[in-house]
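Note: hydrogens, waters and symmetry copies are ignored here, and every other heavy atom, side chains too, is used. Every value quoted in this text rests on a predicted model; they were computed, and no experiment measured them.
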Amino acid sequence: MENITKEKNCAFYASDYHFEMISLPYISKSMDKNEEIIILTENDLEDTVRTLISKMNLKEEKQTQILGLDWHNNDLKKFKEISKKTKENANIVIFIKGKENYIQNINKNIEKWTSRNKHIKIIDCYEFFEVEEKIDEIAKEYDKVLGASRM
């Protein structure tokens, strides 16, 4: 029997900065494990992540690594990257940040692009205020719910 290691996690955020504060510790740990990190986002996060990183007490090397990730909204380019990394059988961590409809659509596409790769962690990041009435219902669909922690 084939070992399936696709992991589905979620997080809830109140703002772009809050999303970044929740995700950065996880991103940092994933980088330490040499996992490929891809951020699919409904809106561009380049400016907010630069501002946040500049205020954090991180080693310069870690700052450079984090800022080297693609924080822009360019899904097609990122799907091509996912496809390439899937063919390489890389360990991939994919953050999907946006409204519920965006997350659902991106997940459908990811299934098509990654059906063969079993070394994938997907972290769906929902806007808290959009889904607050059904957070418990959403959280039950996932392996883990990420929360804010320190780097």
Side-chain angles (χ1 to χ4, degrees), residues 2-75 77-100 102-104 106-107 109-111 113-128 130-131 135-136 138-151:
E2 194 172 347
N3 183 18
I4 297 175
T5 57
K6 209 177 262 193
E7 185 180 307
K8 294 277 292 180
N9 300 318
C10 72
F12 300 95
Y13 66 91
S15 67
D16 289 346
Y17 287 111
H18 186 230
F19 161 75
E20 293 156 4
M21 288 170 41
I22 292 169
S23 63
L24 284 175
Y26 195 90
I27 288 170
S28 179
K29 288 176 190 165
S30 296
M31 288 177 160
D32 293 344
K33 294 185 216 171
N34 291 317
E35 295 174 322
E36 300 290 335
I37 297 146
I38 298 170
I39 300 155
L40 290 153
T41 175
E42 202 166 12
N43 63 313
D44 196 303
L45 299 172
E46 185 74 22
D47 291 340
T48 54
V49 82
R50 283 191 180 284
T51 300
L52 185 64
I53 291 291
S54 72
K55 297 175 187 218
M56 295 178 76
N57 185 19
L58 286 175
K59 291 181 180 166
E60 196 171 321
E61 180 185 341
K62 187 62 80 173
Q63 284 184 14
T64 303
Q65 273 186 306
I66 290 169
L67 292 173
L69 296 173
D70 187 344
W71 294 90
H72 296 285
N73 172 354
N74 49 4
D75 295 346
K77 178 183 172 196
K78 293 178 184 182
F79 276 120
K80 289 178 181 175
E81 189 178 340
I82 291 168
S83 179
K84 178 179 174 245
K85 299 295 180 191
T86 297
K87 288 177 183 149
E88 296 169 1
N89 212 25
N91 290 322
I92 307 170
V93 177
I94 302 170
F95 284 86
I96 305 169
K97 179 207 164 279
K99 302 261 188 220
E100 187 176 15
Y102 175 81
I103 291 169
Q104 289 171 350
I106 293 293
N107 270 292
N109 284 312
I110 284 177
E111 282 305 314
W113 289 71
T114 65
S115 60
R116 290 194 166 138
N117 187 332
K118 305 300 181 203
H119 306 286
I120 295 179
K121 291 178 190 159
I122 296 172
I123 302 157
D124 293 336
C125 302
Y126 294 88
E127 186 180 288
F128 173 81
E130 183 200 13
V131 298
I135 283 180
D136 291 338
I138 291 170
K140 287 178 187 171
E141 298 174 26
Y142 292 89
D143 298 320
K144 283 189 245 174
V145 178
L146 301 185
S149 65
R150 301 180 74 100
M151 284 181 82

Do [X] and [Y] make a side-chain contact, defined as non-hydrogen atoms from C-beta onward lying under 4.5 Å apart?
| X | Y | result |
| --- | --- | --- |
| E111 | N107 | no |
| M31 | K62 | yes |
| I135 | F128 | yes |
| K121 | Y26 | yes |
| V93 | I123 | yes |

Would you please name every residue forming a side chain to side chain donor-acceptor pair (under 3.5 Å) with [X], sequence neighbours left out?
| X | answer |
| --- | --- |
| N109 | none |
| E100 | K134 |
| K99 | E127 |
| Y102 | D75 |

Mind checking the [atom1]-[atom2] spacing from [X] to [Y]? Nearest 0.5 Å is all I need.
| X | Y | atom1 | atom2 | value |
| --- | --- | --- | --- | --- |
| Q65 | S30 | CD | OG | 11.0 Å |
| I96 | I39 | CD1 | CD1 | 11.5 Å |
| I110 | K78 | CD1 | NZ | 11.0 Å |
| I66 | R50 | CD1 | CZ | 12.0 Å |
| D124 | I94 | CG | CD1 | 10.0 Å |
| L40 | K77 | CG | NZ | 12.0 Å |

Residues in side chain to side chain contact (heavy atoms under 4.5 Å, CB included) contact with [X], at least two apart in sequence or another chain:
| X | result |
| --- | --- |
| T64 | E60 |
| D44 | E46, H72 |
| K80 | L76 |
| N43 | D16, T41, L45, K97 |

Please name all residues satisfying ring pair (Phe, Tyr, Trp, His ring centres under 6.0 Å) with F12, sequence neighbours left out, ordered by chain then number.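 Per chain and number, F12 pairs via ring pair (Phe, Tyr, Trp, His ring centres under 6.0 Å) with Y126.
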If the condition is salt bridge (charged side-chain N to carboxylate O under 4.0 Å, His left out), which residues does D136 pass it with, not counting sequence neighbours?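 Scan of D136 (salt bridge (charged side-chain N to carboxylate O under 4.0 Å, His left out), adjacent residues dropped) gives none.
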Non-neighbouring partners of E20 that pass salt bridge (charged side-chain N to carboxylate O under 4.0 Å, His left out), sequence neighbours left out: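 Once residues adjacent in sequence are excluded, E20 has no partner under the salt bridge (charged side-chain N to carboxylate O under 4.0 Å, His left out) criterion.
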Of all the heavy-atom pairs spanning [X] and [Y], show the shortest one and how long it is.
| X | Y | result |
| --- | --- | --- |
| I103 | C125 | CD1-O, 3.2 Å |
| I22 | A11 | CG2-CB, 4.2 Å |
| C10 | A139 | SG-CA, 4.3 Å |

Using only atom types and a distance under 3.5 Å, with no angle test, would you say the side chain of [X] pairs donor to acceptor with the backbone of [Y]?
| X | Y | value |
| --- | --- | --- |
| S83 | F79 | no |
| N9 | K144 | yes |
| S28 | L24 | no |

Run through E88, K84, K85, H119 and flag the one making a side chain to side chain contact (heavy atoms under 4.5 Å, CB included) with E36.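 Only match with E36 under side chain to side chain contact (heavy atoms under 4.5 Å, CB included): K85.
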Hey, mind stepping through F19 and T48 against side-chain contact (heavy atoms from CB on, under 4.5 Å) and telling me if it holds? CA-CA 10 Å; F19 161 75; T48 54; over 6 Å; no
Counting only heavy atoms not in E61, do more than 12 fall under 6.0 Å of its CD?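 No, CD of E61 has 12 or fewer neighbouring heavy atoms, counting only those of other groups under 6.0 Å.
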